[in-house]
Amino acid sequence: MAANKEASLSTSGLPGQAESPVDMEEWLHMYRQMFRIRSFEEQVNQLYTKAIMPGLAHLYIGEEAIAVGVCEALNKTDYITSTHRGHGHCLAKGASPDRMFAELLGKDAGYCRGKGGSMHIADQEGGNLGANAIVGAGAGIATGAAFSAKMRKSDQVAVSFFGEGALGQGLLYEVMNMASLWKLPILYVCENNLYNEYTPYKQTTAGEISARPAAFGIRVEEVDGQDVRTVHYTARRLIEYARAGHGPAFLLCNTYRYHGHHVGDINRTYYRSKEEELHWSTERDPLKMLATWLTEQGAADDSIINQIEKEAHAEIQAAVEFGIQAPYPDPKEVDEHVYA
Amino acid sequence: MAANKEASLSTSGLPGQAESPVDMEEWLHMYRQMFRIRSFEEQVNQLYTKAIMPGLAHLYIGEEAIAVGVCEALNKTDYITSTHRGHGHCLAKGASPDRMFAELLGKDAGYCRGKGGSMHIADQEGGNLGANAIVGAGAGIATGAAFSAKMRKSDQVAVSFFGEGALGQGLLYEVMNMASLWKLPILYVCENNLYNEYTPYKQTTAGEISARPAAFGIRVEEVDGQDVRTVHYTARRLIEYARAGHGPAFLLCNTYRYHGHHVGDINRTYYRSKEEELHWSTERDPLKMLATWLTEQGAADDSIINQIEKEAHAEIQAAVEFGIQAPYPDPKEVDEHVYA
Amino acid sequence: MSTHKTSAPATARVSRANGEPVHNKAEREITMAQAVREALAEEMRRDPRVFIMGEDVAEAGTPFKVLLGLVDEFGTDRVIDTPISEPGFCAIGVGAAMTGMRPVIDIMFGDFLTLTMDQIANQAAKIRYMSGGKFKVPIVFRTTLGATRRSAAQHSQSLHAWPSHVPGLKVALPSTPYDAKGLLKTAIRDDNPVVYFEDKMNFQTKGLVPEGEILIPFGVADIKRSGTDITLVATSSMVYVALGAADKLKEIGISAEVIDPRTLFPLDKQTLIDSARKTSRAIIIDEGYERYGVTGELASVIADGAFYYLDAPVKRMGAMDVPIPFSPALEDLTVPTAETVFQAAKTLCGRS
Amino acid sequence: MSTHKTSAPATARVSRANGEPVHNKAEREITMAQAVREALAEEMRRDPRVFIMGEDVAEAGTPFKVLLGLVDEFGTDRVIDTPISEPGFCAIGVGAAMTGMRPVIDIMFGDFLTLTMDQIANQAAKIRYMSGGKFKVPIVFRTTLGATRRSAAQHSQSLHAWPSHVPGLKVALPSTPYDAKGLLKTAIRDDNPVVYFEDKMNFQTKGLVPEGEILIPFGVADIKRSGTDITLVATSSMVYVALGAADKLKEIGISAEVIDPRTLFPLDKQTLIDSARKTSRAIIIDEGYERYGVTGELASVIADGAFYYLDAPVKRMGAMDVPIPFSPALEDLTVPTAETVFQAAKTLCGRS
Ligand SMILES: Cc1ncc(C[n+]2csc(CCOP(=O)(O)OP(=O)(O)O)c2C)c(N)n1
Ligand SMILES: Cc1ncc(C[n+]2csc(CCOP(=O)(O)OP(=O)(O)O)c2C)c(N)n1
Ligand SMILES: [Mg+2]
Ligand SMILES: [Mg+2]
């Protein structure tokens with residue numbers, strides 16, 4: 001417990017002497033990954049605005065450093081579970097944007113044959129056990145995956161991403177308790193973007209967030225979720241800790257969603273100010289922050305950054321096209337896949 | 001939070017200079033109350049052994065100091081919720097043993113007209129909102145009662161008694177969070193008797209119990225649950241705190257049940273040793289501890305104690321008789337009271 | 001998406017054949033959402049014990065905006081935003097109801113009933129009986145049902161069969177703004193736990209609703225359209241599907257009677273049975289999963305009560321027994337439509 | 001207490017008319033509890049992916065002692081005691097099932113399903129479909145049903161109608177030790193979530209069970225007794241009630257056929273319908289609450305499928321629609337008994 005306490009106070013996350021630094025190529029790769037997510041989400045927003053996309057979607061824009069920083073610390077065979085705001089996690093874990101768009105558009109080529117849509121997007125081969133439309137439910141499934149990994153001695157780790165709203169669900173405490181008792185290889189990643197839908201999290205969350213997992217004997221670290229380097233180094237350390245059998249860890253990431261709770265949430269002033277939005281998107285943007293640092297380090301310049309962005313943009317553009325062109329599932333699929 | 005931390009370290013519970021001491025008559029009254037509970041439960045055990053009682057019952061013997069120490073700090077109009085091990089709470093809050101036995105025997109004169117039985121015993125006029133057969137559920141109802149008291153500005157406090165097993169239920173964290181956010185007048189009383197049924201609580205409970213409510217910003221104190229004086233003084237302080245609008249509090253009481261999980265749990269050596277049982281019943285008995293102290297203080301002697309016990313015993317004996325003689329409900333009652 | 005079930009008339013002008021007290025108040029055309037809001041506002045004005053609790057109910061007025069404005073009138077002490085803790089705030093509601101309050105608990109999506117069944121079915125439903133009639137639990141759980149919103153399997157279910165199964169609960173599911181207002185006011189005044197379902201697709205459906213007091217007694221079905229050849233029993237938004245089918249049937253000379261039970265418990269069995277005895281044919285249309293749900297219950301009530309009068313087996317049309325798919329190409333296939341009901345009715349009347 | 005529903009024969013010797021593969025293994029008389037334990041032990045020996053998780057399942061072997069001894073053979077790594085966290089350990093089961101394990105999750109009392117419906121109905125049931133068939137969730141939720149144990153309203157329910165309503169789930173409820181073993185082994189090998197219900201009152205009921213492999217296919221009803229005059233469809237311990245009624249009916253010259261569906265989903269509709277067509281009369285006997293539950297479903301399946309053959313309406317006998325009372329004087333009244341079924345059957349056969 002003393003160790004946890006200390007850990008929860010660490011906020012830098014940058015490597016200590018024991019840790020091997022990440023090389024510049026990898027940071028550039030992470031920049032690309034973050035940009036792909038942003039680009040993907042901007043397309044989603046457009047698809048919605050143009051009434052091409054059915055239903056709703058919850059955009060991850062602003063939070064990209066978390067999914068990327070964490071997933072880059074995972075192996076392909078490791079597991080993640082995700083949330084209603086799940087496109088970023090899915091891409092970061094390695095899914096292809098074309099099949100993702102197909103899913104979001106309800107097409108047969110989608111990861112779930114169009115049956116899941118945005119809120120249930122998954123990448124079954126890539127270790128993404130799925131987004132979930134029940135707040136908190138992914139934490140249960142991820143804990144089960146970690147349990148399974150431990151039983152099978154597979155050396156896999158599970159990561160559960162969730163918003164701070166999931167702290168309201170009792171399930172989370174039940175599974176954190178068991179994860180701690182049984183030293184399961186799991187990392188709980190809490191994305192605190194300050195709002196549960198339209199309600200500020202301070203109105204819904206008593207005490208200190210980091211004290212909650214700590215009370216269950218779980219190692220906690222709190223980081224700036226906009227700084228992909230901090231997120232990544234800290235995640236590496238915690239994932240290593242979990243994989244080594246020391247038990248679960250909890251990574252609290254402070255972040256912000258730039259857009260509405262979902263694509264249709266346009267008038268937001270009754271719950272948050274335009275100034276606050278502007279502050280985060282200009283001063284605290286994870287892409288800008290990494291680009292600036294890379295430039296300072298001499299590892300990138302405008303042309304390198306532009307090149308990455310151009311390529312990623314083209315890829316996403318092609319993926320949207322693929323999704324739009326893809327056919328709908330055959331009506332007879334409607335009662336297939338209910339049972340194995 | 002710092003204050004909570006400190007509070008959670010306090011273990012004496014005896015009055016500080018600000019607090020008015022309890023007079024000796026009151027301690028004698030509490031002795032009587034504890035003895036009535038013990039006597040009641042011994043009768044329950046006999047009724048079960050003689051196959052007079054239907055179903056099962058969970059005896060409170062060994063834990064009497066908690067119900068009595070806490071309930072003596074409450075007003076009649078205050079609320080409590082209770083558990084499957086609920087006879088002690090019910091008596092301590094002021095219920096009559098005759099109608100309680102009638103309930104346990106499924107008779108019409110019972111508090112619930114025989115429809116509730118041991119696991120749903122309640123005292124509707126006495127503020128006991130009921131035992132509950134769903135572990136943890138009482139904490140939700142009590143939090144609701146506290147919410148209602150606050151809305152009605154009634155100055156009432158609610159107390160939720162539960163075993164440490166209820167720490168496994170996510171519901172508890174959900175309602176503690178809301179109680180803390182909204183500063184509800186509620187005291188959570190955790191009776192840690194070391195076992196969840198047949199499983200030692202250490203196998204089911206990660207981290208430190210007291211850290212859990214503290215993480216939600218709730219004031220916590222941990223006491224020796226066998227020492228009614230400590231329980232009572234601490235409860236008084238916390239109930240006052242809650243009633244004054246400072247918010248919820250959590251009282252962790254370390255205790256032990258002398259009998260099995262339920263009346264039929266006879267062979268217990270596979271989960272706990274006879275030595276452990278003996279240690280608690282001889283060295284840590286709440287009745288003996290209070291009697292010894294009263295004698296030391298010159299407030300009681302053997303004859304006074306014997307007199308109290310004789311009277312209480314006679315009362316309980318008469319109550320059992322009442323319960324046995326009382327008629328069963330009329331069969332036509334079976335579908336009455338489903339709806340108001 | 002052309003088969004969207006809310007090809008229901010924008011204005012629902014359906015008869016109210018029985019049950020309601022006669023009133024001579026001014027009627028206006030308002031939406032279902034407005035009717036719900038009006039019922040809540042009136043009851044909160046009337047009775048200070050009534051309060052609303054749930055996620056994003058205050059300033060946001062729920063994601064469906066149904067409660068918009070209530071917080072302005074009643075304040076955040078009576079329109080209370082909660083954490084995302086459905087079991088927790090339902091439990092708080094139960095405790096508050098036992099101790100003198102009359103909570104209206106908002107469960108955003110009916111799919112989240114899965115999280116709250118202990119509070120609803122083991123606590124709220126049983127406390128009165130378990131206490132031998134000493135406690136009462138006057139609480140309303142307001143939630144939603146209904147598919148075709150492209151919200152996929154965990155945000156589209158119609159789980160009203162579950163609470164309907166449980167003694168101690170009452171279950172209401174209005175189809176029109178009029179019924180929404182009248183049933184909700186009755187629910188709030190009922191001394192028992194009521195689970196009240198609104199179809200998310202109907203919030204913008206309009207209908208005539210009187211200003212001020214209307215109370216619709218529970219257990220009184222409403223004949224939304226009279227007919228002689230076949231009985232269509234339909235719940236919630238399926239009433240519009242049934243009315244659409246009735247229009248089509250009329251064109252081919254079949255006169256369909258459309259009955260809305262309005263409350264599943266108490267259930268107005270007699271009105272259902274009488275209609276089926278009269279028409280000798282019946283179809284039950286409900287948006288819950290077909291198996292082990294509402295259609296089975298209503299069909300067997302009719303098959304039993306009208307046994308000697310039926311010319312054909314009672315037909316059941318529920319939602320297809322599959323988790324609700326996201327893809328529009330699939331989702332619309334899972335819910336009864338005016339067309340599928342029309343075809344079934346035609347066949348049942350021997351006109352294939 | 002004389003009407004206790006387990007006036008069932010201590011040894012259940014009922015025919016197995018159809019469905020099972022022929023076997024020539026040694027049969028012994030064992031209890032239902034032993035049959036369950038044997039099925040689990042055999043499956044755990046066969047497949048290292050199978051494990052058991054729940055409250056007090058290891059050394060205590062559950063409060064019903066059904067699992068006694070399993071921990072000795074398989075250790076605490078495969079027979080796992082949990083905290084009192086039903087939602088939590090069901091969720092862990094789901095995640096484990098998705099990633100290569102085959103959990104058997106123990107939910108002590110069926111009443112606690114209220115706490116786990118999200119994991120069972122929103123997660124386990126839907127994950128395969130929502131993933132377009134990419135994931136599978138091979139998990140068994142083993143739980144209990146049945147009243148008359150004087151355990152009152154929160155420990156006596158028979159909530160099997162709820163999971164039966166939900167597509168994606170299978171539901172099994174054995175009546176005999178033979179069926180208990182065969183259905184549980186099938187459940188564990190099924191690649192889908194199965195909710196498996198045992199009646200707490202039947203754990204000591206004995207019956208002939210072969211050693212080693214028996215697998216009973218899902219969706220195959222068993223004719224527990226053949227007859228010609230009336231069909232009694234009965235589930236779980238109600239099979240004994242029906243058999244008791246059949247004995248009494250025989251004395252007055254009425255030949256009753258007793259059918260146990262054994263699985264509610266998949267449901268062997270044809271066997272039910274065929275029997276009712278043959279006998280022209282049917283009663284459904286189930287211990288769940290009567291309304292909106294299993295009796296309604298089975299009655300309407302028969303009323304539909306045997307419409308032109310029935311001489312009387314299908315009669316439903318479920319548990320009385322009340323929370324289950326504690327008092328023995330009341331509790332026994334809430335469950336069908338051999339006598340009440342006998343009377344109903346007599347009346348249905350026009351022999352009042
Ligand atoms: C159990 C449950 N309750 C309510 C909802 C409705 N809902 C969807 S997202 C959301 C807010 C989630 O907030 P948070 O967890 O912080 O995630 P964020 O949207 O901020 O990423 C709510 C209340 C839900 N999907 N599931
Ligand atoms: C939700 C729920 N799960 C399981 C049970 C079965 N059960 C009854 S008492 C009990 C143990 C409770 O332990 P604890 O809370 O420590 O109370 P104690 O019996 O020790 O007083 C269990 C598991 C239950 N009644 N409710
Ligand atoms: Mg958030
Ligand atoms: Mg305990």
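As the structure is a computational prediction, the values presented were derived from the model and not from experiment. Proteins come first, then strands; the chains are lettered A, B, ... in the order of their sequence lines, and each starts at number 1.
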Can C:K170 and C:D190 be counted as an ion pair, charged N to O under 4.0 angstrom?
yes
If you count heavy-atom pairs within less than 4.5 Å of chain C, which of D:M130, D:Q154, D:M320 leads?
D:Q154
Got a salt bridge between D:K126 and C:D111, using NZ or NE/NH1/NH2 to carboxylate O under 4.0 Å?
no
Pairs of heavy atoms under 4.5 Å with chain C: top-ranked of D:T116, D:L310, D:I302, D:L298
D:L310
Cut-off 4.5 Å, heavy atoms of chain D, and the answer for C:A306 is neither
Given that the side chain runs from C-beta out, which part of C:L169 has a heavy atom under 4.5 Å from chain D: side chain, backbone, both or neither?
backbone
Do we see a donor-acceptor contact under 3.5 Å between the side chains of D:N122 and C:T114?
yes
Looking only at heavy atoms and a cut-off of under 4.5 Å, which of D:M117, D:R128, D:E297 has the most pairs with chain C?
D:E297
Under 4.5 Å, counting heavy-atom pairs only, tell me which of C:G293, C:P167, C:G132 racks up the most with chain D.
C:P167
Are the charged groups of C:D332 and C:R150 less than 4.0 angstrom apart, N to O?
yes
Under 4.5 Å from a heavy atom of chain D, the part of C:L113 involved
neither
If you look at every heavy atom in D:D229 and D:C349, which pair is closest and at what distance?
O-SG, 4.4 Å
Give the intermediate values and the outcome of side-chain hydrogen bond (donor to acceptor under 3.5 Å, both in side chains) for residues C:D286 and C:T295.
CA-CA 6 Å; C:D286 177 78; C:T295 61; over 6 Å; no
Select one option (side chain, backbone, both, neither) describing which atoms of C:A152 are under 4.5 Å from chain D's heavy atoms.
neither
Between C:R316, C:E290, C:H165, C:Q123, who has the most heavy-atom pairs with chain D when the cutoff is under 4.5 Å?
C:H165
C:F307 portion near chain D, given a 4.5 angstrom heavy-atom threshold
side chain
Is C:P87 in contact with chain D via its backbone, its side chain, both, or neither, using a 4.5 Å heavy-atom distance?
neither
Give the member of D:G296, D:G168, D:A303 that has the highest number of heavy-atom pairs under 4.5 Å with chain C.
D:G296
Could you look at C:Y308 and say if it's the side chain, the backbone, both or neither that has a heavy atom under 4.5 Å from chain D?
side chain
OG1 of C:T143 to CD of C:Q157, rounded to nearest 0.5 Å, is 11.0 Å
Answer yes or no: is there a donor N or O on one side and an acceptor on the other, between the side chain of D:D268 and the main chain of D:A221, under 3.5 Å?
yes
Assess whether ring-ring contact (aromatic ring centres under 6.0 Å, His included) is satisfied between C:H160 and C:F265, documenting all intermediate values.
CA-CA 11 Å; C:H160 45 298; C:F265 188 88; over 10 Å; no
